[in-house]
Undergrad: 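Provided herewith is a single structure, encoded as structure tokens, for subsequent inquiry.
Atoms within a ligand are numbered from 1 in the order they appear, just like the ligands themselves. Worth saying up front: this structure is predicted, and the values here are computed from it rather than measured.
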Amino acid sequence: MKLARIAMLICCTAAARGQTEQDLADGKATFRSNCAFCHGLVGGGGRGPALNLGRFLHGSTDQDIQSVIQGGVPGTTMPSFEFEKEELANLVAYVRSLSGERSKVKARQLGGDPITGRKIYEQNGCSTCHRIGSEGSVFGPDLTRIGAGRSTEYIRESVVNPSSDIPEDYAGVTVITEDGKHVTGVRINEDTFSVQLRDSSQNFQMFQKDEVQQVIHETKSLMPAYNSLAPQELQDLLAYLDTLRGDLNAGAEVKKEKGIR
Ligand code: HEC
Ligand code: HEC
């Protein structure tokens, strides 16, 4: 019994571990119930990045992928998970198996010119609400690493139909004051008695609920929908946003902090 366990340990840590169909099916089931919510049903991406491009920012060995799953990615929505050893191995194997269709996916997603895309970004005033590196505003989410953190499909949807999925940290709220003034911003804090928001000029404003006429929770995004860009413009813009993967060294710093190798 003991010997068998040791043998299994050795076989399971080796990169060349032979997966059976059953292992992959188990990995897929684990993926569907724990990961699909952010990475898509078959890893095509969604709120989280696509995992089927054969390209992993945080490293593509079994060990790298395992570390990301166990440690999460600090400062992002990628959580940490605790799985049984075998379940984890099957999951990693499944994640790696997703890259099979790589070329097809890549060709479809990245048919644009990032340099033109950057101009389109500038011309459309995106930086009045977003920051890339040290430039721009922090009214909306920081886009410095958007290409690493979200799938292209998600980013496309965020641009043409921003209300389709609004991150909780960026929910909009409008306060109608006693004298009828409308103040709209990103909701920073709210309790029974008060609400705090950040307006588009980056000012924090705090209101006592019994001193205002109404507090409206917006279901629409605070970002305008850019749905009249020409298809090629949109494609170029997406190609540009896809190149935004942050500073790889900064990523290494985060890893070091977490003790992830
Ligand atoms: C709540 C959303 C969420 C869930 C659930 C989630 N992830 Fe993630 N995941 C992310 C985000 C966001 C990132 C990108 C982190 C970054 O910005 O570097 C990520 C990154 C990753 C990466 C690294 C990708 C790369 O390019 O290196 C892997 C691998 C990964 N996730 C696997 C998983 C697996 C496996 C599960 C399920 C056990 C899972 N994730 C569940 C949001 C999620
Ligand atoms: C008036 C401010 C404003 C402008 C202008 C604006 N955005 Fe946004 N953007 C936001 C806010 C607020 C959010 C978060 C709410 C949401 O997802 O709809 C957001 C979300 C996004 C997201 C999703 C980020 C994530 O991690 O979920 C992307 C991508 C994005 N914007 C790109 C752009 C691009 C590209 C432009 C220019 C073509 C642009 N935005 C112009 C305010 C703005």
Undergrad: Could you tell me whether Asp165 approaches ligand 2 through its side chain, its backbone, both or neither, with non-hydrogen atoms closer than 4.0 Å?
TA: backbone
Undergrad: Looking at CD1 of Ile155 and CD1 of Ile146, how far apart are the two atoms once the value is rounded to the nearest 0.5 Å?
TA: 4.5 Å
Undergrad: Is there a donor in the side chain of Gln202 and an acceptor in the side chain of Ser137, or the other way round, less than 3.5 Å apart?
TA: yes
Undergrad: Provide the atom name of the closest N, O or S atom of His130 relative to atom 8 (Fe) of ligand 2.
TA: NE2
Undergrad: Nearest protein heavy atom to atom 27 (O) of ligand 1, by residue and atom, and its distance?
TA: His58 N, 2.8 Å
Undergrad: Assess Cys35: does it contribute an N, O or S atom lying under 2.8 Å from atom 8 (Fe) of ligand 1?
TA: no
Undergrad: Can you list the ligand 1 atoms lying under 4.0 Å from a non-hydrogen atom of Pro79?
TA: 3 (C), 4 (C), 6 (C), 7 (N), 43 (C)
Undergrad: More than 12 non-hydrogen atoms from neighbouring residues, nucleotides or ligands closer than 6.0 Å to NZ on Lys209, yes or no?
TA: yes
Undergrad: When you check the gap from the basic side-chain N to the acidic O, do Arg145 and Asp142 get nearer than 4.0 Å?
TA: no
Undergrad: Ligand 2 versus Ser158, non-hydrogen atoms closer than 4.0 Å: side chain, backbone, both, neither?
TA: side chain
Undergrad: For Val186 and ligand 2, does the shortest N/O to N/O distance drop below 3.5 Å?
TA: no
Undergrad: Counting heavy atoms only, which part of Cys126 comes closer than 4.0 Å to ligand 2: side chain, backbone, both or neither?
TA: both
